[in-house]
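What follows is one structure encoded as structure tokens, with my remarks underneath.
A note on names: the letters A, B, ... follow the listed sequences, proteins ahead of strands, and every chain is numbered from 1. Remember, predicted model here, so these are calculated numbers, not experimental data.
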Amino acid sequence: MTKKERYQLFIDHFSKKSPTAETELEYTNPYELLVAVILSAQCTDKRVNIVTKDLFRRFPEAQSLSEADVEEVFEYIRSISYPNNKAKHLVGMAKILVNEFNNVVPSDIDDLQKMPGVGRKTANVIASVVYNKPAMAVDTHVFRVANRLGLTNNAKTPLESEKELIKNLPEEVIPVAHHWLILHGRYICVARKPKCGECDITHFCKSFGKV
DNA sequence: ATCCCGAGGG
DNA sequence: CCCTCTGGAT
């Protein structure tokens, strides 16, 4: 089948199955989302939400977080992965947010990445969710699943994957498609031994029978 | 044991 | 390009 047909089958299937897939991270403003996404690396959303509940009460906006003691932030987030790094990143991020960006979470990918703890994936999440930009955050799931399905043609890097997905997906589908790929990658198309027996989209999977 | 919606540094 | 950071869930 052509690439266009494959994309169409992908969209048809998931827009029926999970029309409203979205992040489970809890936040009430861009600052909180930025914090939550930085914390989410190698960690479930549920656990992030437990931690951010108290964290946001103590540091309601970037200003207070920018003046915070890294040690205190560490205490709030010690139950998630990489608490030392993330505590440093959060305070550093808040400092730049206040001092360089006048307390406004930037919409530009490059500006976002000037903040510690914010790499391309996190920057794309903000651009997409907060600013409705056609940005695709490529994490480990998106990268792997897109390659397996054949939405990307054996992309070698996340950036390559991102560009190909952006080029082929209708703009309005990009944000949901991100979550479709993640959900599929988390529960069915797992890294080690993909559960092809439980998969309901083998009819357009380029790797079915080959993994 | 093995895996989780990464980023920074060498 | 590879290493490290790291706790919790299953």
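- Taking atom CG on Asn49(A) and atom C1' on dG7(C), their separation rounds to 16 Å, with Å as the unit.
- Within the 4.5 Å cutoff, no side-chain heavy atoms of Phe143(A) are placed close to those of Leu181(A).
- Between Arg120(A) atom CZ and dG8(B) atom C1' the separation is 17 Å, expressed in whole Å.
- Distance, Ile174(A) CD1 to dC5(B) P: 22 Å, rounded to whole Å.
- One hydrophobic cluster holds both Val37(A) and Val91(A) under the rule that ILVMFWY side chains link at heavy-atom gaps under 4.5 Å.
- Near DNA chain C, meaning a heavy atom under 4.0 Å away, the residues from residues 77-91 of chain A are Arg78(A), Ser79(A), Ile80(A), Ser81(A), Tyr82(A), Pro83(A), Asn84(A), Asn85(A).
- For Asn124(A) and dG6(B), the CG to P distance is 14 Å, given to the nearest whole Å.
- Ring geometry, Phe204(A) versus Phe10(A): the interplanar angle exceeds 60°, so the pair is classed perpendicular (tilted spans 30 to 60°).
- When every heavy atom of Val176(A) is checked against every heavy atom of Ala21(A), the shortest pair comes out as CG1-O, 3.7 Å.
- Counting to the nearest Å, the P atom of dC5(B) and the CZ atom of Arg47(A) are 14 Å from each other.
- Remark: the Asn124(A) side chain and the Glu162(A) side chain contain an N/O donor-acceptor pair separated by less than 3.5 Å.
- A salt bridge is absent between Glu100(A) and Lys95(A); no separation between the charged side-chain nitrogens and carboxylate oxygens falls under 4.0 Å.
- Checking the phosphate oxygens (OP1, OP2) of dC5(B), a side-chain nitrogen or oxygen of Arg186(A) falls inside 4.0 Å.
- Atom P of dC5(B) sits at a distance of 23 Å from the matching atom of dC3(C), rounded to the whole Å.
- Of the residues near DNA chain B, Ala123(A) and Arg144(A), the one whose nearest nucleotide (by heavy atom distance) lies more toward the 5' end is Arg144(A).
- Atom pair Asp45(A):CG and dA9(C):P shows a separation of 14 Å (rounding to whole Å applied).
- The side-chain heavy atoms of Leu169(A) and Ile11(A), taken from C-beta on, include a pair separated by under 4.5 Å.
- Following rounding to the nearest Å, Leu159(A) (CG) and dA7(B) (P) show an atom-to-atom distance of 13 Å.
- A salt bridge does not link Glu164(A) to Lys167(A): none of the charged side-chain nitrogens sits closer than 4.0 Å to a carboxylate oxygen.
- Residue Tyr82(A) is not grouped with residue Val51(A) when hydrophobic side chains (ILVMFWY) are merged at heavy-atom distances under 4.5 angstrom, including chains of intermediate members.
- The separation between Leu25(A) atom CG and dG6(B) atom C1' is 14 Å, rounded to whole Å.
- For Thr23(A), no side-chain nitrogen or oxygen approaches OP1 or OP2 of dC5(B) to under 4.0 Å.
- Heavy-atom distances under 4.0 Å link DNA chain B to Met115(A), Pro116(A), Gly117(A), Val118(A), Gly119(A) of residues 107-119 of chain A, given in residue order.
- Taking atom P on both dT6(C) and dG10(B), the two are 15 Å apart, rounded to the nearest angstrom.
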